[in-house]
There are 2 protein chains.
Amino acid sequence: MTKDERYQDASLPLPPGVEESLCRCGGIAGLVEQLPDDTIFEQDCGLYRVLADPLRLKILAMLAVQPLCVCVIKTVLDIADSKLSYHLSVLKKAGLIAGDQQGNWIIYSLTELGSEWVSGHGK
Amino acid sequence: MTKDERYQDASLPLPPGVEESLCRCGGIAGLVEQLPDDTIFEQDCGLYRVLADPLRLKILAMLAVQPLCVCVIKTVLDIADSKLSYHLSVLKKAGLIAGDQQGNWIIYSLTELGSEWVSGHGK
DNA sequence: GCCGTGTTTCAAAATAATATGAAATGTAAA
DNA sequence: TTTACATTTCATATTATTTTGAAACACGGC
């Protein structure tokens, strides 16, 4: 048994500790097999990108208290209409909130996904 | 008792449903009181920003299998050294991973925070 | 129909994050 | 001390996200 047969990744010089445990899990190939498909990472990071903004987190927190129309959210955040509308659209596209037109107003509330996330987060 | 006394936010015309429930929780002022401080949102969104990248999520998944040196991660991800180094630094700065120099190599592993996050995520 | 109000859309400008490649750092071994 | 190797740093280019303000849209009341 040559070194090349024992270690799938003999081409890559490694520190002893890593080489050993890596070998035990099937080398680099074995490691890769344990990973989810790349599309999963893309998908997951999509949600994180949506959450990666303080205004959006605050909007979610507000809607966790109760459904609100845009004008109330705007009053609390004190930002321009179009800016708020942009962030609402990001949250909506991600399926975290939904808007319900009621006369002149649009009342936003958390979707099921949205409330799952909020509660699963300890806020 | 005038309308202005009953409703703190009488200045802002609201749809009936929202006005009612908002009034019950102390108006806009009451709503704001229930929200965490802005610094909390800033802080939380910092973590989400770090997680908002597929490469970084994949690196975390790899390190969840076992500690690895940069060259192994690089082989799996197949990206340029400096690019990998950049993403490692982002993860390190966020306290999700830590590097341990061992001879010529640096072996990265999940920190406690890092493994908490990975396991609390069902991956 | 025409207003007034609440909200969204659009294109452009401003800002932030990421990618790239060359040069630098640090380490071990000769 | 020179060399080879693993990794990082730096400056710059590229790309993605956010902001801004004007215009458009949708709804209800006159």
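Computed from a prediction, not measured in an experiment: that's the story for all the values here. In what follows, chains carry the letters A, B, and so on, assigned in the order in which the sequence lines appear, proteins first and then strands, with residues in each chain numbered from 1.
Hydrophobic clustering of Ile, Leu, Val, Met, Phe, Trp and Tyr side chains at less than 4.5 Å, counting indirect connections, keeps A/Trp105 apart from A/Val76.
Heavy-atom neighbours of B/Asp37 CG from other residues, nucleotides or ligands within 6.0 Å: above the threshold of 12.
Rounded to an integer number of Å, the gap from OH of B/Tyr48 to C1' of D/dT17 is 19 Å. Whole-Å rounding puts the A/Trp105 CH2 to D/dG29 P distance at 9 Å. The distance between atom NZ of B/Lys83 and atom C1' of D/dA13, rounded to the nearest whole Å, is 14 Å. Distance, A/Leu91 CG to D/dT17 P: 15 Å, rounded to whole Å. Going from atom CD1 of A/Ile79 over to atom P of D/dT19 covers 8 Å, rounded to whole Å. What separates CG of A/Asp81 from P of C/dC10 is a distance of 17 Å, to the nearest Å. Across the protein-nucleic acid pair, A/Leu12 atom CG and D/dC5 atom C1' stand 12 Å apart, rounded to whole Å. Atom C1' of nucleotide C/dA16 and atom CZ of B/Arg49 are separated by 9 Å, given to the nearest angstrom.
Listed here is the closest heavy atom pair of B/Lys92 and B/Gly99: CD-N, 4.4 Å. Annotation for A/Ile107 and B/Pro15: closest pair CD1-CG, 4.0 Å, computed over non-hydrogen atoms. The two residues A/Lys83 and A/Leu55 have their closest heavy-atom pair at CE-CD1, 3.8 Å.
Side-chain proximity of A/Tyr108 to the nucleotides D/dT9, D/dT18, C/dT8 is greatest for C/dT8. Residue A/Ile106 places its side chain closer to C/dT7 than to any other of D/dT18, D/dT7, C/dT7. Taking every side-chain heavy atom of A/Gln101 into account, D/dA26 is the closest of C/dA19, C/dT27, D/dA26. The side chain of A/Asp53 sits closest to D/dT18 out of C/dT8, D/dT8, D/dT18.
Nearest-nucleotide assignment on DNA chain D puts the 5′-proximal partner with B/Cys69, out of A/Asn104 and B/Cys69. If you find the closest nucleotide of DNA chain D to A/Gln102 and to A/Ala80, the one lying nearer the 5' end belongs to A/Ala80. Position along DNA chain C of the nearest nucleotide to B/Ala52 versus A/Ser82 favours A/Ser82 as the more 5'-ward residue.
The side chain of B/His87 places an N or O atom within less than 4.0 Å of a non-bridging phosphate oxygen (OP1 or OP2) of C/dA19.
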